[in-house]
Amino acid sequence: MTARQAADMVADIAATTQDGAALTPVLVFDRRGQTYCCPTADVLEIVEEPILDQPGYPTPLVAAVLLHNGCFIPVVDPANLFDQPPERRGDVILLHGPAGTVGLLADSVLGFRNPTAFGSAPWIPPGRICRSAAVIEGIGRAFVLGADGIGDVPSAPVAPTSAASGGPSNSVAAEANDASVGPMHLIFTIAGRSFAASYADVRRILYRQRLFRVPGAQGRIRCAVEVIGAVVPVLDLAEPEILPERADFVVLSSSVGSLALRVDEILRPLPLRRDVTEPEWFPSPGVDGIGRRDDHAYSVITGEALLRDLVNADAAQRAGA
């Protein structure tokens, strides 16, 4: 495909978007040189480099099978949409819809974005899970893989919809799709505690990224990480004595630029309701408030709060000394 053809495709997508239409936020990821995205309401969880088994027999679209939470889930290699041979490697993004649950293989998760346009994708053959494409600022065209295409994947297991049927209720899907309780947040853990960050604050998700020390660094910023050619300072709420060689990060926006927060585990996104009755001060640095989902409370971290509690606090301490 030439650069001119690609530009024409992006223009076609933008032209098909209805004026004033609400554009659904998406999770963007790369797979074998192509960019894809998923509506955030369809995403259940991101599973890092799981063990994948062969399907056992030739099945269209299905590259592997994942055993997750006691269920066998078909896993699709998005490269197969373009007739490339599937590969059983990478992270798995779990999607859920009325037709069941499907995993999508990803090489790297770029983060959450708000598309500038949606449109049809007539160049994708029918029956290959993709129903549309999106234009994303700074990235370009991304093919949308969502719940509306899961029915194309054979053997997508349909979870029971009611506990009265004798099986478990589909509470996970209800949590992921019920956005009425509040805006979507990315859930992650640090030192055994649960935290959250609003989609609006998350710029990128990094897996197994190499850290490098900052020469002469003082205070809480001892390391940095590379993000698309830029050097981004790393903040660590756990402050381990021995830093790992590689780690996972949630990159947050702030008034001075991006800040990379080292995390232990990234969990599924959830809609959270901010608790306005909580006090403005919290014992954990970087926390801007409390988000609630049912009976669970999550400490909501923002880049501005990290800047206030860690970076600026270190600078003030050094100035006082």
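- No side-chain heavy atom of V65 sits less than 4.5 Å from a side-chain heavy atom of P74.
- Considering only residues two or more places apart in sequence or on other chains, Q209 meets the side-chain hydrogen bond (donor to acceptor under 3.5 Å, both in side chains) condition with none of them.
- Looking at E45 and H96, their side chains never come closer than 4.5 Å, going by heavy atoms from C-beta outward.
- Within the structure, no pair that satisfies the ring pair (Phe, Tyr, Trp, His ring centres under 6.0 Å) test touches residues 285-307, not counting sequence neighbours.
- Formation of a donor-acceptor pair under 3.5 Å by the S132 side chain with backbone atoms of S120 is not found in this model.
- Enclosure of atom CZ in R208 by more than 12 non-hydrogen atoms of other residues, nucleotides or ligands within 6.0 angstrom is indicated.
- Partners of F29 under the ring pair (Phe, Tyr, Trp, His ring centres under 6.0 Å) rule, at least two apart in sequence or in another chain, are Y36.
- Taking each heavy atom of A64 and R88 in turn, the nearest pair found is CB-CD, 3.4 Å.
- Side-chain contact between V26 and F118: present, with at least one pair of heavy atoms (C-beta onward) separated by less than 4.5 Å.
- In terms of the side chain to side chain contact (heavy atoms under 4.5 Å, CB included) criterion, residue partners of S108 (sequence neighbours excluded) are, by chain and number, D30, L110.
- The shortest distance between side-chain heavy atoms of F82 and I124 falls below 4.5 Å.
- R113 pairs by the salt bridge (Lys or Arg N to Asp or Glu O under 4.0 Å) definition with nothing, not counting sequence neighbours.
- Checked by atom type and distance alone, the side chain of D275 never pairs as donor or acceptor with a backbone atom of G291 at under 3.5 Å.
- Using a 4.5 Å heavy-atom threshold, the side chains of M184 and P25 count as separate.
- A distance-only check finds no donor-acceptor pair linking the side chain of D309 to the backbone of P285 [under 3.5 Å].
- Of the candidates L306, T302, D201, D288 forms a side chain to side chain contact (heavy atoms under 4.5 Å, CB included) with just one, namely T302.
- Within the 3.5 Å criterion, the main-chain N or O of L105 finds no donor-acceptor partner in the side chain of D77.
- Using a 4.5 Å heavy-atom cutoff, the side chains of R204 and V227 are in contact.
- D248 meets the side-chain hydrogen bond (donor to acceptor under 3.5 Å, both in side chains) test with no other residue; sequence neighbours excluded.
- A search for side-chain hydrogen bond (donor to acceptor under 3.5 Å, both in side chains) contacts involving N69 returns nothing, not counting sequence neighbours.
- Proximity of L94 to H68: side-chain heavy atoms (C-beta onward) are separated by under 4.5 Å at one or more points.
- Apart from I51 itself, the hydrophobic cluster it occupies contains nothing, where clustering links Ile, Leu, Val, Met, Phe, Trp and Tyr at side-chain heavy-atom distances under 4.5 Å.
- A salt bridge is defined here as a Lys NZ or Arg NE, NH1 or NH2 lying under 4.0 Å from an Asp or Glu carboxylate O, and R262 with D264 meets this definition.
- Residue pairs meeting the salt bridge (charged side-chain N to carboxylate O under 4.0 Å, His left out) criterion with at least one partner in residues 92-108, sequence neighbours excluded, are R31-D107, R89-D107.
- Judged as a side-chain hydrogen bond (donor to acceptor under 3.5 Å, both in side chains), and not counting sequence neighbours, the contacts of R128 are D83.
- Between V76 and V102, some side-chain heavy-atom pair lies under the 4.5 Å cut-off.
- No path of Ile, Leu, Val, Met, Phe, Trp and Tyr side chains, each step under 4.5 Å between heavy atoms, connects V300 with L235, placing them in separate hydrophobic clusters.
- Looking at every heavy atom in both residues, C130 comes nearest to L145 through CB-CD2, 3.8 Å.
- In this structure E226 satisfies the salt bridge (Lys or Arg N to Asp or Glu O under 4.0 Å) test with no other residue, sequence neighbours excluded.
- Taking Ile, Leu, Val, Met, Phe, Trp and Tyr as members and joining any whose side-chain heavy atoms lie under 4.5 Å apart, directly or through other members, the hydrophobic cluster of V231 also contains F212.
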